[in-house]
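To keep things clear, I will list the structure first and then write my remarks on it.
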Amino acid sequence: ATRTTSQEHITARAVEQRGLSLYDVPCAETEGKHTCACQIRCEAPSQKRCQKGLSVCSRVAGCEYVVTNPSGEWATLKRRPTPAELDRVNFT
């Protein structure tokens, strides 16, 4: 299967600043304690790089964002909500 979406590496602060609403993406490769989210330990936290997270994201269906925590040590794979999910939270 060919992926048509690209992955973006951003910080948790940038997610907040952009007002993005993102959902966790689970994966078999998670290194964190939560199985509902894919958490990957980054290889170069001081340089705010997480190629490992981007690599896993490129293989996981639906993954669009690699969001790093403030220290850059951990990345959580994320996706945008589906239209159906947005309908459930947007009351008009």
TODO: Please tell me if the side chains of Arg49 and His9 come closer than 4.5 Å, counting only heavy atoms from C-beta onward.
DONE: no
Open item on the list: Taking the side chain as everything from C-beta on, heavy atoms only, tell me whether Tyr65 gets closer than 4.5 Å to Ile10.
Closed with: yes
TODO: Answer yes or no: is there a donor N or O on one side and an acceptor on the other, between the side chain of Glu64 and the main chain of Arg80, under 3.5 Å?
DONE: yes
- [ ] To the nearest 0.5 angstrom, please state how far the OG atom of Ser21 sits from the CZ atom of Arg79.
- [x] 9.5 Å
Open item on the list: For Gln39, is there any backbone N or O sitting under 3.5 Å from a side-chain donor or acceptor partner on Thr30?
Closed with: yes
TODO: Could you check if a side-chain atom of Ser58 sits within less than 4.5 angstrom of a side-chain atom of Gln7, using non-hydrogen atoms only?
DONE: yes
- [ ] With rounding to the nearest 0.5 Å, note down the distance linking SG in Cys50 to CD1 in Ile40.
- [x] 7.5 Å
Task: More than 12 heavy atoms of other groups within 6.0 Å of Glu16 CD - done: no
Open item on the list: With a 4.5 Å cut-off on side-chain heavy atoms, are Ser55 and Arg59 touching?
Closed with: yes
Open item on the list: Test your reading of the model: is there a side-chain donor-acceptor pair from Glu43 to the backbone of Lys52, 3.5 Å cut-off?
Closed with: yes
Open item on the list: Check this for me, if you would: do Glu8 and Lys78 make a salt bridge, where the nitrogen-to-carboxylate-oxygen distance has to be below 4.0 angstrom?
Closed with: no
Task: Derivation and outcome, disulfide (SG to SG under 2.5 Å), residues Cys57 and Cys63 - done: CA-CA 5 Å; Cys57 184; Cys63 183; 2.0 Å; yes
Open item on the list: Please check this pair: side chain of Asn69 against backbone of Trp74, looking for a donor-acceptor N/O pair closer than 3.5 Å.
Closed with: yes
Task: Which atom of Val56 lies closest to which atom of Cys38, heavy atoms considered - done: CG1-SG, 4.1 Å
TODO: Could you tell me which non-hydrogen atom of Gly53 sits nearest to which non-hydrogen atom of Val66, and how far apart they are?
DONE: O-CG2, 3.6 Å
Open item on the list: A side-chain contact here means heavy atoms from C-beta on lying under 4.5 Å apart; do Thr11 and Val67 qualify?
Closed with: no
Task: Side-chain heavy-atom pair Val15, Leu22 within 4.5 angstrom cut-off - done: yes
TODO: Could you tell me whether the side chain of Cys36 reaches within less than 4.5 Å of the side chain of Pro26, counting heavy atoms only?
DONE: no
Task: Minimal non-hydrogen separation, Pro81 against Glu85, with atom names - done: CA-OE1, 3.2 Å
